[in-house]
There are 2 protein chains.
Amino acid sequence: MTYAKALDCLADPTRRKVLERLRAGPRPVGEIARGMSVSRPAVSQHLKALKNAGLVTDRAAGTQRVYSIDPQGLAPLRAWLDQFWDEALSAFQQEVARDARHRKDPKP
Amino acid sequence: MTYAKALDCLADPTRRKVLERLRAGPRPVGEIARGMSVSRPAVSQHLKALKNAGLVTDRAAGTQRVYSIDPQGLAPLRAWLDQFWDEALSAFQQEVARDARHRKDPKP
DNA sequence: ACTTACCGTAAGCCATGACTTACGCAAAAG
DNA sequence: CTTTTGCGTAAGTCATGGCTTACGGTAAGT
């Protein structure tokens, strides 16, 4: 059920932007917030949410905190999506087959 | 940018439940809503959101509307997540390497 | 020791959205 | 033609959560 928390986090655009800034590598909070349309405390709150969802990790470096993406945090969501995609696809194909049968025999 | 709408939809638990009920195959609205903790109009609204995000398709069948999962709708989200996962992983490995170097040379 | 830099948290405001009830419309049933 | 079934939509209520300002706390610099 841990994919749910990941989805809750990734639903917010600002949070996605924060995460995408971390894609290039670890960053301290101030550098993440620089040039963004929200305040630094807002970024801190988003980072807290991301950390709680297991999507990022943090580490102290002097007076500043460096955040990194946790690749393992994305794994459950990937797994859920994959399973979902496979099952939906097979069900979809079954439906196509059923539809083809109905096309041959339109009025039972 | 179409993955954003998918994430917005999947953030809602009720919407996920609706989508998971469709995993077993196409269903009319009433059958989807049956046994759920929200009213049928609520399910209709969620289905509208899911359709707008391209995650489901609908088709008329008499007085009832049958909804199905659209596998293609999940593809963009999968692609975005994959790319994200790959880049984050490589950056993570780079960070591990950098950390190892720092461990060898702790005080520059 | 004092100041400065960097960050997390608290309190409060406000917009978004999820839900309900009530209503209207189309297709099947009678 | 009338009734019933199945569904979408409108209006209104209420909770959730994202943002800001203000504050406190720790580590480095001087």
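To find a chain, count down the sequence lines: A is the first, B the second, and so on, and within it residues start at 1. All values below were derived from every heavy atom in this structure, side-chain atoms included, with hydrogens, water molecules and symmetry-related copies excluded. Not measured: the values here are computed from a predicted model.
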Separation of atom [atom1] in [X] from atom [atom2] in [N], rounded to whole Å:
X	N	atom1	atom2	value
B:Arg65	C:dC25	CZ	P	17 Å
B:Asn52	C:dA18	CG	C1'	16 Å
A:Arg27	C:dC6	CZ	P	16 Å
B:Asp58	D:dG6	CG	P	18 Å
B:Gln45	D:dT9	CD	C1'	8 Å
B:Arg34	D:dC7	CZ	C1'	15 Å
A:Lys51	C:dC7	NZ	P	14 Å

Inter-residue atom distance A:Arg78.CZ - A:Gln83.CD, 0.5 Å rounding = 14.0 Å
Separation of B:Asp70 CG from B:Leu50 CG (nearest 0.5 Å) = 11.5 Å
Under 4.0 Å from OP1 or OP2 of [N]: is there any side-chain N or O of [X] that close?
X	N	answer
A:Thr63	C:dC6	no
A:Tyr67	C:dC6	no
B:Ser39	C:dT20	yes

Between A:Ala42 and A:Gly62, who's closer to the 5' end of DNA chain D by nearest nucleotide?
-> A:Ala42
Heavy-atom contacts under 4.0 Å between residues 6-21 of chain B and DNA chain C, which residues?
-> B:Asp12, B:Thr14, B:Arg15
Carefully, step by step, assess A:Leu7 and B:Arg16 under the rule side chain to side chain contact (heavy atoms under 4.5 Å, CB included).
-> CA-CA 10 Å; A:Leu7 283 171; B:Arg16 284 198 295 266; 3.7 Å; yes
In terms of the nearest nucleotide of DNA chain C, which residue is placed more toward the 5' end: B:His46 or B:Arg40?
-> B:His46
Mark yes or no for whether A:Arg15, through its side chain, and A:Cys9, through its backbone, hold a donor-acceptor pair below 3.5 Å.
-> yes
Just by modelled atom types, is the A:Ile32 backbone N or O under 3.5 Å from a matching donor or acceptor in the A:Arg27 side chain?
-> no
Heavy-atom donor-acceptor pair, A:Gln64 side-chain to D:dT26 base, under 3.5 Å | no
How about B:Gln72: does its CD atom have over 12 heavy atoms from other parts shown lying under 6.0 Å from it?
-> no
With a 4.5 Å heavy-atom cut-off, do A:Trp80 and B:Leu10 have their side chains touching?
-> yes
Have a look at A:Pro41 and say if it touches a base, only the backbone sugar-phosphate, or nothing, with a 4.0 Å heavy-atom cut-off.
-> base
